[in-house]
Enquirer: 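This is the structure I have questions about; it appears just below.
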Amino acid sequence: MARHLITSAIPYINGIKHLGNLVGSQLPADLYARYLRQRGHEVLFLCATDEHGTPAELAAAKAGKPVADYCAEMHDVQAEIAAGFKLSFDHFGRSSSPQNHKLTQAFAGRLSDQGLIREVTEEQVYSNADGRFLPDRYIEGTCPNCGFDSARGDQCDNCTKQLDPTDLIDARSTISGSTDLEVRETKHLYLRQSAVKDQIAKWIDSKADWPILTTSIAKKWLTDGDGLQDRGITRDLAWGVPVKNGDADWPSMEGKVFYVWFDAPIEYIACAQEWVDAGKGNEWERWWRTDAGADDVTYTQFMGKDNVPFHTLSFPATIMGMDEDWKLVDYIKSFNYLNYDGGQFSTSRGRGVFMDQALEILPADYWRWWLLSHAPESSDAEFTWESFQTDVNKDLADVLGNFISRITKFCRSKFSEAVPEGPTYGPTENQLIADLTAKLAEYQGHMDTMEVRKSAADLRAIWVLGNEYLQSVAPWSTFKTDPDQAAMQVRMGLNLCRLYGVLSAPFIPDASADILAAMNASDAPWPDDIAAAVNTLQAGHAFTVSDITFRKITDDERAAWAEKFAGTRD
RNA sequence: GGCGCGGUAGCUCAGUUGGUUAGAGCGAUCGACUCAUAAUCGAUAGGUCGGGAGUUCAAGUCUCCCCCACGCCA
């Protein structure tokens with residue numbers, strides 16, 4: 001038994017995530033966590049909401065609520081949807097938790113002691129009307145270069161010239177539209193990432209088995225231009241972790257907060273504390289401190305490619321800079337983007353399917369199966385309703401669902417709703433067992449290395465073996481001449497149902513639970529030995545014929561959904 | 001403009017350190033079966049592996065140049 005710490009990139013609090021976000025981190029992380037648990041490993045699977053920063057403040061203002069209230073509500077909404085998708089977090093925390101506040105401040109203090117933080121005085125644009133400093137992207141104006149009237153503070157989208165906010169003519173706040181802007185001096189803390197650049201480069205180089213997507217992004221940031229740059233870790237905002245040096249005030253930094261990208265990864269650690277404080281576990285240190293038992297922990301992070309720089313560089317720089325006994329990530333599984341029907345998912349334009357909407361139209365397992373079997377591992381992938389309909393109908397309804405249906409109904413009509421008697425398995429069954437054993441080894445191999453698409457293909461192949469078997473032994477024919485032999489064949493079929501319930505659980509947990517319940521098999525350990533597994537249900541073991549496991553998606557539904565989700569979300 | 005990931009059968013994709021007639025699923029066609037959600041199983045379908053040049057006994061798989069799509073950055 002091994003110990004696995006698994007984290008999914010933490011979703012931002014602002015709004016409900018779309019299917020692309022889901023398949024890029026939380027869903028594959030859940031697949032892996034479920035699989036490892038079933039294999040008998042000790043797993044701690046953590047996720048949280050990322051709650052700080054300007055977008056949260058603006059969203060709260062738009063909703064007419066205090067930002068803390070807004071975040072609390074949205075956290076609950078996201079938690080409920082995550083539960084709907086059967087994401088099996090051991091804890092779903094919040095980056096705004098007291099635990100994270102304290103830990104983030106402690107980290108900053110320690111980094112300061114290590115000489116890795118420097119203070120920088122810089123000029124930033126302040127909006128009197130908004131009463132806040134404006135990040136570059138919240139400033140618009142006329143480009144001094146080409147005259148384009150909606151150039152952003154950092155760049156003109158029309159002529160692509162790089163800009164400084166102070167270059168803009170008639171600069172205005174995109175929040176309020178106010179032009180009452182001024183430049184003010186403000187002091188910020190910078191994390192001296194450049195000081196640990198070589199250490200990080202060496203560390204990245206040692207990770208030969210990481211996905212190319214992960215290491216190529218990291219190396220680009222390490223080598224581009226002057227290499228890894230120091231990074232500001234504080235902001236002039238009200239909503240966030242107040243800047244402190246441990247428990248002490250930080251002179252001249254009053255009223256400022258840490259930058260969201262500094263405190264968010266630390267929430268991975270704080271979340272383990274929240275998990276303990278919520279009474280769900282104990283000794284969080286043995287997951288995170290190598291001097292407290294975390295030496296034998298394998299830590300795996302899941303994320304979309306946009307998050308890779310922060311997880312390969314910024315957060316490791318923080319951990320390394322601490323120079324204490326904090327656990328560093330062992331493997332980073334990153335994903336490309338899922339596109340929606342020829343374009344991108346768009347949160348702002350409401351284009352594509354969002355997590356809450358998905359659950360409104362179909363059960364979680366449909367989405368889990370399609371998304372995981374099309375996970376954007378090697379390149380961007382594409383969601384189309386045609387693909388979704390045909391693949392789900394074929395794989396889940398026809399191959400798996402119909403298998404369950406045909407064997408249970410046949411048994412009921414020819415024998416009873418109990419496993420029939422019959423002779424021991426013969427050569428054909430032994431061949432099936434050998435084939436299943438080989439396929440299971442492939443499945444496990446791909447699951448162990450987090451090759452999600454290949455794992456899905458292997459699982460499907462295991463389902464197909466059941467149909468091939470029934471087709472070749474044809475118990476409906478055998479029954480006419482040799483009912484005893486047919487009984488044995490049916491017994492095998494019913495045992496396969498139970499086996500599929502066990503093996504499919506990481507992908508489709510609800511359907512798996514239903515199958516196992518129908519087979520009256522509460523105890524469902526991962527099989528070490530297929531021969532034993534298909535002898536689990538003995539003659540006389542009662543089962544029930546369940547309703548359709550997976551209904552099919554109709555052409556009308558497909559057409560209606562395609563139209564509904566192409567446009568704008570309310 | 002720089003960089004990154006890709007460009008393999010109608011579609012979605014696999015193709016390890018270069019090596020037998022380039023694979024899978026879906027779709028299509030034909031056949032088998034009839035227990036089942038008109039489900040299943042089998043067979044077939046001739047893709048210049050984006051284009052060109054090169055290295056090699058041998059390249060989809062390495063080198064160089066070019067084209068296309070997407071993304072990131074300046």
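What you see is a predicted model; the values in this text were computed from it and never measured. Below, chains carry the letters A, B, ... as their sequence lines are ordered, and counting in each starts from 1.
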Enquirer: Can you tell me how far P of B/rC72 sits from CZ of A/F310, to the nearest Å?
Expert: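 That distance rounds to 13 Å.
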Enquirer: Figure out the CD/P separation between A/E468 and B/rA24, and round it to whole Å.
Expert: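 Atom-to-atom, A/E468 to B/rA24, this comes out as 13 Å.
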Enquirer: From the set B/rU34, B/rC41, B/rA36, return the single nucleotide nearest to any side-chain atom of A/V464.
Expert: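 When the side chain of A/V464 is considered, B/rC41 is the closest of B/rU34, B/rC41, B/rA36.
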Enquirer: Can you check the A/L432 CG to B/rC41 P distance for me, whole Å?
Expert: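 After rounding, the reported distance stands at 13 Å.
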Enquirer: Out of B/rC26, B/rC41, B/rU37, which has the shortest distance to the side chain of A/S405?
Expert: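 Of the options given, the side chain of A/S405 lies nearest B/rU37.
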Enquirer: Assess whether salt bridge (Lys or Arg N to Asp or Glu O under 4.0 Å) is satisfied between A/E377 and A/K333, documenting all intermediate values.
Expert: CA-CA 9 Å; A/E377 290 176 298; A/K333 175 73 176 178; 3.0 Å; yes
Enquirer: Given atom CD of A/E442 and atom P of B/rA14, what is their separation to the nearest angstrom?
Expert: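 For the pair A/E442 CD and B/rA14 P, the rounded distance is 17 Å.
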Enquirer: Counting only Watson-Crick or G-U wobble pairs whose two distances fall under 3.5 Å, which nucleotide matches B/rA22?
Expert: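 Because no pair has both required distances under 3.5 Å, B/rA22 counts as unpaired.
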Enquirer: Taking only side-chain N and O atoms of A/K454, does any of them lie within less than 4.0 angstrom of OP1 or OP2 on B/rG15?
Expert: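 A/K454 to B/rG15 OP1/OP2: side-chain N or O found under 4.0 Å.
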Enquirer: What about A/D398, does its side chain sit under 3.5 Å from the base of B/rA39 through a donor-acceptor pair?
Expert: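 No such pair is found, so the answer is no.
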Enquirer: According to the interplanar angle, ranging from 0 to 90°, do the rings of A/F410 and A/W476 count as parallel (below 30°), tilted (30 to 60°) or perpendicular (above 60°)?
Expert: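 Aromatic pair A/F410/A/W476 classed perpendicular.
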Enquirer: If you compare every side-chain N and O of A/K409 against the phosphate oxygens of B/rA39 (OP1, OP2), does one of them come in below 4.0 Å?
Expert: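 Looking at the OP1 and OP2 atoms of B/rA39, neither is under 4.0 Å from any side-chain N or O of A/K409.
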Enquirer: What's the CG-P distance between A/L371 and B/rU12, to the nearest Å?
Expert: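 Interatomic distance, CG of A/L371 to P of B/rU12: 17 Å.
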Enquirer: Can you tell me the base-pairing partner of B/rA74? Count Watson-Crick or G-U wobble geometry only, both distances below 3.5 Å, and say none if there is no partner.
Expert: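 For B/rA74, the partner nucleotide comes out as none, under the 3.5 Å rule.
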Enquirer: A/E451 CD to B/rG15 C1': how many Å, rounded?
Expert: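 Interatomic distance, CD of A/E451 to C1' of B/rG15: 12 Å.
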Enquirer: Checking side-chain polar atoms at under 3.5 Å, does A/N520 have a donor or acceptor matched by the opposite partner on A/R498?
Expert: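 Result is no, nothing qualifies.
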Enquirer: When the nearest nucleotide of RNA chain B is assigned to A/A397 and to A/N336 on a heavy-atom basis, which residue is associated with the more 5' position?
Expert: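 Upstream on the strand: A/N336.
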Enquirer: Whole-Å distance between B/rG6 C1' and A/F335 CZ?
Expert: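 For the pair A/F335 CZ and B/rG6 C1', the rounded distance is 17 Å.
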Enquirer: Does a nitrogen or oxygen in the side chain of A/R453 sit under 4.0 Å from OP1 or OP2 of B/rA24?
Expert: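 No, outside the criterion.
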Enquirer: So if I take every side-chain heavy atom of A/T549 and compare against B/rU37, B/rC33, B/rU12, which nucleotide ends up nearest?
Expert: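 Within the option list, the nearest is B/rU37.
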Enquirer: Does either side chain, that of A/D555 or that of A/Q389, offer a donor lying less than 3.5 Å from an acceptor on the other one?
Expert: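 Looking only at side-chain atoms, A/Q389 and A/D555 do form a donor-acceptor pair, the distance falling under 3.5 Å.
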Enquirer: Using the side-chain contact (heavy atoms from CB on, under 4.5 Å) rule, pick out the option among A/I407, A/N535, A/I433, A/L470 that qualifies with A/M492.
Expert: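 Exactly one candidate clears the test, A/I433.
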Enquirer: With a cut-off of less than 4.0 Å, is there a side-chain N or O of A/K394 near OP1 or OP2 of B/rU40?
Expert: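 Affirmative; the distance criterion is met.
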Enquirer: Between atom CD in A/Q389 and atom C1' in B/rG27, what is the gap in whole Å?
Expert: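 Value for this atom pair: 13 Å.
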Enquirer: Ignoring the backbone of A/N467, work out which of B/rG25, B/rU40, B/rG71 is nearest its side chain.
Expert: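 Per side-chain heavy atoms of A/N467, the pick is B/rU40.
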